[in-house]
Amino acid sequence: MKEIGMEEIGPVRRRVRNALIQSGILKTSSRDVPLTLYTQDRRDRGLRVIGAVIDYLAPPLVRSIFQDDAPELAENSGRRVLRLIDRQIVARDDNVCQLTFAAADNAKLTPWHAGAHIDLHLPSGRVRQYSLCGDPRREREYRIGVRRIADGGGGSIEAHALEVGQFVEISEPRNAFMMPLPGSASAKKKLRFIAGGIGITPILPMTRLADRLGLEWSMLYTGRHKDSLPFLDEVEAFGPRARVRTDAEHGLPSPEELLDGVDGDTAVYVCGPPPMIETIRRGVGADSSVELHYERFSPPPVVNGSAFEAVLGRSGEVVEVGADESVLTALRRVKPNVGYSCQQGFCGTCSQRVLDGAVDHRDSTLTDLQREQGQMLVCVSRSKDGGRLTLDL
Ligand code: FES
């Protein structure tokens, strides 16, 4: 299912190859040239020799050629520009792609641990967060899995349209889903991983690590049907400890099924849609001996919300915010370009300035000073008393 394109040759090799063809040194037609000098096609010994020479010379001599078309970023921006070096479809329904990024000079990247994510700064200016799903031991690449959401905010569609060879800004990895290991940082003796659909992305590196360390672990991987499950082959390769369960075959899972085998010696790691996480939280209930870690990949439901009005201070337009929707959702109906990313109150992208009204701050990100200065994270925070909020928009 791997998609391969000429872009994968990389700029140096492409330029050298083209120069050799144009100068007549390399007598070949484009039809005969392997897609990449690393290709499985080993017929042309000359190309292999050229590839080896380029590999040897590239770091000291050709780095500037590699980098001359890479956009530059301000120092200490917390981001870097990486090149998309590989793109593969990883679900049978074709709706999930795995994107692999590397530095233009193939330098080592900032290390990360299982559970980490990066911000992807898309060419349109949209910012989206994706869990790293590769192997942290592969120090020169970051891999993410992206499910295409046809009726979402457009970020996943844009990510799917990225082309191999394209440069993209990416944040340094951050980890809000740490995995304290049994036997060292955790008093628990075994691990239970539960993934729903694309929620498999942070769970995969965790499971690989647990497996490699010989820890006691089990996994339940759920989704609507097998065709929609990304990385299915990789999960099934773990063997019987990783159980795949689909709604199409078995119906919606009960808390008992999701937590089968979980007891006070277990640390549970969950990533999936909010309803599944709520089911598990209810299933664990008051049993505080179970260590529960979870990460959502979509907004949490609004709890104890009441309807109110948000006023756009610059135009005077009034936006109705429903009791069960976020201010962000309501704003995007009239201002589709309002920026956002995590929709869970931790990235800060959606911050807006409040000109008037009392805010019920529901994030744990803004400092007291930022709140005093009128900032508000509209993806989670609301009006305090159901009164109007006027925003600097
Ligand atoms: S979108 Fe991340 S804090 Fe609101």
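Nothing fancy with the numbering, it's 1 onward along the sequence. Here the structure is a predicted model, which means the values were calculated and not measured. All ligand and atom numbering here is 1-based and tracks the order in the structure.
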| query | Any N/O/S atom, backbone or side chain, of Cys379 lying under 2.8 Å from atom 2 (Fe) of ligand 1? | reply |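 Coordinating: no.
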
N/O/S atom of Cys347 inside 2.8 Å of atom 2 (Fe) of ligand 1, strictly under:
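Coordinating: yes.
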
Below 4.0 angstrom from a heavy atom of [X], which ligand 1 atoms are there? Numbered from 1 as shown, please.
X	answer
Gln343	1 (S), 2 (Fe)
Phe346	3 (S)
Gly345	3 (S)

Does the pair [X]/[Y] count as a salt bridge with the N-to-O cut at 4.0 Å?
X	Y	answer
Asp119	Arg79	no
Asp263	Lys190	yes
Asp93	Arg147	yes
Glu278	Arg296	yes

Here the pair of heavy atoms bringing Ile85 nearest to Val164 is O-CG1, 3.8 Å

Using a 4.0 Å heavy-atom cut-off, which part of Cys342 comes near ligand 1: side chain, backbone, both, or neither?
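It is both backbone and side chain that touch ligand 1.
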
*Kindly assign one of parallel, tilted or perpendicular to the pair Phe238 and Trp217, based on the angle between their ring planes and the thresholds 30° and 60°.*
perpendicular

protein heavy-atom neighbour closest to atom 3 (S) of ligand 1 works out as Gly348 N, 3.2 Å

